[in-house]
Amino acid sequence: MPANFSDAEQRAHDPSAHEQRTDSEKTVGRNPHPDFGKVQASRHDWREERSWNITKTRNPEWQLGDGANDGGESLKKKHVEIDPYEEGRPAVSNYKLLISGIIPRPIGFISTRSKDGTATNLAPFSYTNVVNHDPPIFTVGFAGGFSNAKDTLRNLSESGECTINIISEHMIEAANATSINAPYGVSEWALTGLTPAPCTDVKCSRVQESVLSIEGKLMETKEFESRQTKGKKTGVLAIIEGVRFWVREDALNEEKNIIDPAVLRPISRLGGIMYGRTVEGVEIPRPDYDEAVKNAGKEELAKKKIQGQ
């Protein structure tokens, strides 16, 4: 077996994985509904009246030393130990487990353009996050290696540029539709009706409908190799520097440093084909040690760390 599969070798070794990337619907089977239209029709209508709300915490009387706020119920539950590499366990099982357990995940709605400017791409990626602010650094994860690169990864690696747009409630259907398996070169902008807007420091477009967009420059990439099949590339991490921000005026405070969640109304990714709304929050100040321990007579809780803690 070759140490590093070429495109043809990956196809010969594992044609299904080559033709249907790890996160493709036919491979993963995220949609559990044979007739989704029928299931959709049986559900409650979208509740537009659900406005942004900040509530009390679950237990406003919680104090240091109280532990979880469920009265010990979680301590009665057993855990199942899983070896991600156990014999006979397909990699797709790890994928489905992780995307259903690491939730909610922010979605990077990424716009790219090919280096020669002849093709564009717009697609959502839930392996996305901000990891630094000075400089502003973002990470995006792609399923599949460079030899089987998605259009977004191909454009990003060749042009070195992208925009990262945040998905809000008013564009959820259109954003989801950009994940369609269209041939390379077919415009997701035209298919979905979303609006490209010009940028300042990058050549690709931002999404006009997005409340927040970031112009990004690629810093570096890291390709990952399968633990189960040596030589098979299974993912790529892209590290991107944010070089310019675009924020909708009605969502931004006067100091230009806070975005209002009531206006942003961000959509997150859950497991399967499920998305999440962010309509409620709680605020909890970080405790100060002197105030919360010394001045509150909680010194008996300040013990030396022992093994397992």
Side-chain angles (χ1 to χ4, degrees), residues 22-25 28-33 36 39-40 43-55 57-58 94-111 122-133 136-143 150 152 162-180 188 192 194 206-214 216 235 237-240 242 245-248 250-252 258-284:
T22 304
D23 64 342
S24 70
E25 187 55 49
V28 179
R30 280 175 298 220
N31 182 2
H33 313 297
F36 179 72
V39 173
Q40 174 92 308
R43 290 174 171 165
H44 294 293
D45 290 337
W46 176 280
R47 288 181 283 183
E48 192 65 44
E49 73 279 3
R50 293 200 65 182
S51 59
W52 170 253
N53 184 39
I54 301 178
T55 71
T57 62
R58 189 178 187 190
N94 295 332
Y95 172 76
K96 295 175 77 171
L97 177 78
L98 294 175
I99 67 166
S100 63
I102 310 300
I103 59 172
R105 298 187 306 284
I107 305 170
F109 196 26
I110 300 180
S111 165
L122 181 63
F125 293 87
S126 68
Y127 286 177
T128 301
N129 220 322
V130 57
V131 296
N132 198 52
H133 64 277
I137 303 296
F138 302 82
T139 57
V140 182
F142 299 90
K150 292 188 174 187
T152 297
C162 72
T163 65
I164 302 173
N165 307 272
I166 298 303
I167 298 172
S168 296
E169 291 181 359
H170 63 269
M171 53 190 288
I172 179 174
E173 297 90 355
N176 178 72
T178 64
S179 62
I180 190 171
E188 289 82 13
T192 62
L194 290 170
R206 57 188 171 90
V207 180
Q208 181 72 44
E209 289 84 353
S210 287
V211 175
L212 170 63
S213 298
I214 298 106
L237 171 71
I239 302 176
I240 298 164
F245 309 141
W246 294 82
V247 185
R248 210 173 78 181
D250 60 333
L252 192 63
I258 295 177
I259 296 173
D260 186 352
V263 178
L264 183 61
R265 306 282 291 198
I267 291 292
S268 61
R269 202 69 164 93
L270 307 179
I273 60 172
M274 195 177 300
Y275 292 87
R277 301 174 69 184
T278 304
V279 295
E280 202 165 77
V282 298
E283 292 182 323
I284 308 180

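FYI, the numbering just counts along the sequence from 1.
- The side chain to side chain donor-acceptor pair (under 3.5 Å) test applied to Arg50 returns no partner, not counting sequence neighbours.
- In this structure, the side chains of Pro124 and Ile167 come closer than 4.5 Å at one or more pairs of heavy atoms.
- In this structure, Ile240 and Cys162 approach most closely via the heavy-atom pair CD1-SG, 3.8 Å.
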Exercise for review: Step by step, work out the side chain to side chain donor-acceptor pair (under 3.5 Å) result for Thr163 and Arg206.
Suggested key: CA-CA 6 Å; Thr163 65; Arg206 57 188 171 90; over 6 Å; no
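- The one candidate from Thr128, Thr178, Ile164 that meets the side chain to side chain contact (heavy atoms under 4.5 Å, CB included) condition with Phe109 is Thr178.
- Separation of atoms CD (Glu283) and OG1 (Thr55) is listed at 10.0 Å; rounding is to 0.5 Å.
- Side-chain N or O atoms of His170 include one that pairs as donor or acceptor with a backbone N or O of Glu209 at under 3.5 Å.
- Nearest heavy-atom pair, Pro136 versus Phe245, reported as atom, atom and distance to 0.1 Å: CG-CZ, 3.8 Å.
- For Asn53, the side chain to side chain donor-acceptor pair (under 3.5 Å) test picks out no residue, with sequence neighbours left out.
- Atom OH of Tyr127 is separated from atom CD1 of Ile102 by 9.5 Å, given to the nearest 0.5 angstrom.
- Not counting sequence neighbours, the partners of Asn94 by the side chain to side chain donor-acceptor pair (under 3.5 Å) test are Arg89.
- Of all the heavy atoms in Ala238 and Phe142, the pair that sits closest is CB-CE1, 3.8 Å.
- The CG atom of Leu264 lies 9.0 Å from the CZ atom of Arg248; values are rounded to the nearest 0.5 Å.
- The salt bridge (charged side-chain N to carboxylate O under 4.0 Å, His left out) check on Asp45 picks up nothing, with sequence neighbours excluded.
- To the nearest 0.5 Å, the span separating CD1 on Ile239 from CZ on Phe138 amounts to 13.0 Å.
- In summary, the side chains of Thr139 and Asn129 do not present any donor paired with an acceptor at a separation below 3.5 Å, with no hydrogens or angles considered.
- Atom CD1 of Ile166 sits about 5.5 Å away from atom CD1 of Ile214, to the nearest 0.5 Å.
- In plain terms, the two heavy atoms of Gly272 and Ile99 that are nearest each other are N-CD1, 4.0 Å.
- When side chains are defined from C-beta on, Pro261 does not count as touching Thr278, because their heavy atoms never get closer than 4.5 Å.
- Note: Ser126 OG to Ile267 CD1 = 13.5 Å, rounded to the nearest 0.5 Å.
- Met274 is not listed as a side-chain neighbour of Ile103, based on a closest heavy-atom distance of 4.5 Å or more.
- The salt bridge (charged side-chain N to carboxylate O under 4.0 Å, His left out) search around Glu169 returns Arg265, Arg277, not counting sequence neighbours.
- Surrounding CZ of Arg43 are more than 12 heavy atoms belonging to other residues, nucleotides or ligands, all under 6.0 Å away.
- Among the candidates Leu122, Thr152, Asn165, the single residue satisfying the side chain to side chain contact (heavy atoms under 4.5 Å, CB included) test with Ile110 is Thr152.
- For Ala251 against Val263, the heavy-atom pair with the smallest separation is CB-CG1, 3.5 Å.
- Every residue was checked against the salt bridge (charged side-chain N to carboxylate O under 4.0 Å, His left out) condition with Arg269, not counting sequence neighbours, and none meets it.
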